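The structure under discussion appears below in the form of structure tokens.
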Amino acid sequence: MSSRLSKVLSLLLGVQMFLFGFLKFFQPIRGWFDVQIQQSHLPHEAILAGKLTEMLTGILFLLPWVWRSLTAKSKDQILLVACFILFTQMVVAIYVHLQPGVPASVLPLGIKPPVIPVVVLLLGLLTAFAVWKERPAENG
């Protein structure tokens with residue numbers, strides 16, 4: 001069951017994160033994301049870094065299911081790295097949502113409380129737990 005859960009969650013998170021990053025290169029989402037970063041007093045470089053790392057995270061979540069020749073251990077390691085990066089991204093997203101200068105109008109679905117980042121963070125933690133739980137079974 002853990003293997004199936006980790007696969008479903010990692011595919012979902014992979015597609016979601018890649019699309020979130022990709023769409024931030026196009027208007028109106030590009031403008032909204034720029035305002036989020038600027039109004040939360042993060043460095044300007046965080047704009048490009050945020051977009052690229054979201055796409056990278058999505059690719060990392062998808063990679064174990066596309067690249068069939070990976071060993072089970074390699075797949076687990078890639079998924080755990082993806083979960084760690086996702087965790088840090090969602091902590092930053094929660095920080096951005098909580099900044100008073102960031103208007104709800106530039107946030108996903110116009111929701112000021114960090115509901116979406118918290119849900120994504122929890123899905124990432126659930127994925128990491130499922131992957132971690134199945135590791136001992138593979139090692140003996």
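Owing to the predicted nature of the structure, the values given are computational and were not obtained by experimental measurement.
At a threshold of 4.5 Å between side-chain heavy atoms, the hydrophobic network of Ile, Leu, Val, Met, Phe, Trp and Tyr places F20 and L121 in one connected group. L56 and L52 are assigned to two separate hydrophobic clusters, defined by single-linkage of ILVMFWY side chains at heavy-atom distances under 4.5 Å. Using a 4.5 Å cut-off between side-chain heavy atoms of Ile, Leu, Val, Met, Phe, Trp and Tyr, with links allowed through other members, I78 and I59 fall into different hydrophobic clusters. A single hydrophobic cluster is not seen to contain both V102 and I111; linkage of ILVMFWY side chains at heavy-atom distances under 4.5 Å, directly or through other members, places them apart. Taking hydrophobic clusters as Ile, Leu, Val, Met, Phe, Trp and Tyr residues chained together by side-chain heavy-atom distances below 4.5 Å, V15 does not share a cluster with M55.
Annotation for E134 and S6: closest pair OE1-OG, 3.4 Å, computed over non-hydrogen atoms. Of all non-hydrogen atoms in G14 and L62, the two that sit nearest each other are CA-CG, 3.8 Å.
Here salt bridge (Lys or Arg N to Asp or Glu O under 4.0 Å) pairs that include residues 16-25, with residues two or more places apart or in two chains, are K24-E54. The list of side-chain hydrogen bond (donor to acceptor under 3.5 Å, both in side chains) pairs with a residue in residues 111-131, not counting sequence neighbours, is empty. Listed by first then second residue, pairs satisfying salt bridge (Lys or Arg N to Asp or Glu O under 4.0 Å) with a partner in residues 83-107 number zero, not counting sequence neighbours.
Taking W67 as the reference, L63, S69, L70 meet the side-chain contact (heavy atoms from CB on, under 4.5 Å) condition, with sequence neighbours excluded. For S10, the side-chain hydrogen bond (donor to acceptor under 3.5 Å, both in side chains) partners two or more places apart in sequence, or in a different chain, are W65. Shown here are the side-chain contact (heavy atoms from CB on, under 4.5 Å) partners of I116, two or more places apart in sequence or in another chain: P108, L109, V120. Evaluation of the ring pair (Phe, Tyr, Trp, His ring centres under 6.0 Å) rule for F22 yields F26 as partners, not counting sequence neighbours. Applying the salt bridge (Lys or Arg N to Asp or Glu O under 4.0 Å) test to K75 and every residue at least two apart in sequence or in another chain returns nothing. With sequence neighbours excluded, the residues satisfying side-chain contact (heavy atoms from CB on, under 4.5 Å) with T71 are K73, S74.
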Could you tabulate the donor-acceptor pairs under 3.5 Å formed by side-chain atoms of residues 80-92, not counting sequence neighbours?
from, atom 1, to, atom 2, distance (Å)
T88, OG1, I85, O, 2.7
Q89, OE1, T57, OG1, 3.3
Q89, NE2, T53, O, 3.0
Q89, NE2, T53, OG1, 3.1
Q89, NE2, T57, OG1, 3.2

All N/O donor-acceptor pairs, side-chain side in residues 28-50, below 3.5 Å, sequence neighbours left out:
from, atom 1, to, atom 2, distance (Å)
Q36, NE2, V106, O, 2.5
S40, OG, Q36, O, 2.7
S40, OG, I37, O, 3.1

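From I94, atom CD1 reaches atom CG of L98 across 7.5 Å, with rounding to the nearest 0.5 Å. One distance of note links CH2 of W132 with CG of L125; it measures 14.0 Å at 0.5 Å rounding.
Counting Ile, Leu, Val, Met, Phe, Trp and Tyr side chains that sit under 4.5 Å apart, directly or through other members, V8 stands alone, with no cluster partners.
L122 places none of its side-chain heavy atoms less than 4.5 Å from the side chain of L126. With a 4.5 Å cut-off on side-chain heavy atoms, L60 and M17 do not count as touching. Put simply, the side chain of L11 does not reach to within 4.5 Å of the side chain of F61, judged on heavy atoms.
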